[in-house]
Amino acid sequence: MTTVRIPQDWPATEEQARAVQDALRTRVILGEPGPPPGTGRVTGVDVAYDDERDVVAAAAVVLDASTLDVVAEATAVGRVSFPYVPGLLAFREIPTVLAALDALPCPPGLVVCDGYGLAHPRRFGLASHLGVLTGLPTIGVAKNPFTFSYDDPDTPRGSAAALLAGSEEVGRALRTRDAVKPVFVSVGHRVTLDNACAHTLALTPAYRIPETTRRADALCRKALRETHPA
DNA sequence: GCGACAG
DNA sequence: ATCTTGTCGC
């Protein structure tokens with residue numbers, strides 16, 4: 001497991017962080033379809049916190065997209081780099097997530113984030129941010145609708161409804177299990193929304209949450225547990 | 001001004 | 001996110 005330092009130029013205030021988002025937003029690529037679902041590799045990233053000890057642990061787990069077997073994994077720990085502020089989540093997670101991705105022994109392929117991409121107040125959520133910084137195709141799959149609105153999708157798995165910011169579609173409420181609360185998918189970088197939803201369905205053969213996120217969540221929690229005070 | 005608000 | 005036991009059900 002690697003240890004990370006907070007970058008020297010990391011924003012210190014909410015105002016600075018929003019300015020960074022506005023600047024990087026222009027570099028997001030939305031036109032590319034992205035890798036075909038069910039092929040190659042898919043990587044899940046997630047983070048766990050211990051605000052008491054000021055520690056954050058991140059995990060990156062690479063799966064074979066067709067079998068969903070774990071191909072590789074890596075973790076990283078660091079200091080909490082930003083407080084939780086709705087809309088600024090990326091500044092809390094990204095330094096450690098980048099370190100975990102760097103520690104992987106193989107290319108990650110498509111990266112699935114636990115949170116949003118385009119579905120964001122300034123259209124630049126965690127998945128967008130991570131995509132621009134790494135150049136990798138990314139998508140966001142969130143468990144909650146944040147401030148956005150949606151109509152309940154039909155009951156069967158695979159049904160979807162637009163996730164709306166006013167009248168603008170910023171993502172999709174996608175049912176991954178029959179009659180179970182949908183997940184909220186949005187585009188990050190270099191992936192299409194239809195493709196992002198197809199990937200999400202390919203990653204949810206048994207549970208509401210993508211296997212990528214479930215594996216990364218379990219691993220970063222374990223890494224946090226096993227991180228003892230220095 | 002007040003409340004709501006990914007993780 | 002995190003604090004937290006048992007419990008109902010496939």
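Proteins get letters first, then strands, A, B, ... in listed order; numbering begins at 1 in each.
Rounded to an integer number of Å, the gap from CG of A:Asp46 to P of B:dG7 is 9 Å. The separation between A:Glu52 atom CD and C:dC3 atom P is 10 Å, rounded to whole Å. Taking atom CZ on A:Phe91 and atom P on B:dA6, their separation rounds to 17 Å, with Å as the unit. Atoms CG (A:Asp51) and P (C:dC3) sit 10 Å apart, rounded to a whole Å. Put simply, OH on A:Tyr150 is 12 Å from P on B:dA6, counting in whole angstrom units. Rounding to whole angstrom units, CG of residue A:Leu126 and P of C:dA1 are separated by 13 Å. Remark: P of B:dA6 and CD of A:Glu14 are 15 Å apart, rounded to the nearest angstrom. The separation between A:Arg208 atom CZ and C:dC10 atom C1' is 19 Å, rounded to whole Å.
In this structure, A:Lys143 reaches the B:dG7 phosphate: one of its side-chain N or O atoms is under 4.0 Å from OP1 or OP2. The phosphate of B:dA6 (OP1 or OP2) has a side-chain N or O of A:Tyr84 nearer than 4.0 angstrom. OP1 or OP2 of B:dC5 has not a single side-chain nitrogen or oxygen of A:Asn144 nearer than 4.0 Å. Contact between the side-chain N/O atoms of A:Arg92 and the OP1/OP2 oxygens of B:dA6 is not found at any separation under 4.0 Å.
A:Leu163 comes within contact range of no nucleotide atom at all, as no heavy-atom separation falls under 4.0 Å. Nucleic acid contact class of A:Gly140 (heavy atoms, under 4.0 Å, all strands): none. At a threshold of 4.0 angstrom between heavy atoms, the contacts of A:Ala119 with the nucleic acid are absent.
Shown here for A:Pro108 and A:Leu101, the closest heavy-atom pair between the two residues is CB-CD2, 4.3 Å.
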Could you walk me through whether A:Phe184 and A:Tyr150 pass ring-ring contact (aromatic ring centres under 6.0 Å, His included), step by step? CA-CA 10 Å; A:Phe184 304 89; A:Tyr150 66 101; 5.0 Å; yes
Please evaluate residues A:Phe91 and A:His129 with respect to the criterion ring-ring contact (aromatic ring centres under 6.0 Å, His included), reporting the C-alpha separation (whole Å), side-chain torsions for both, the decisive distance (0.1 Å), and the verdict. CA-CA 9 Å; A:Phe91 295 94; A:His129 203 145; 5.2 Å; yes
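Closest to the side chain of A:His120, from the set B:dA6, C:dT2, C:dA1, is B:dA6. The A:Asp114 side chain lies nearest to C:dA1 when the options are C:dA1, C:dT2, B:dC5.
The side-chain tip of A:Arg214 points at the ring of A:Tyr207 from less than 6.0 angstrom away and within 45° of straight on. At least one test fails for A:Arg123 against the ring of A:Tyr116: distance under 6.0 Å to the centre or angle within 45° of the axis.
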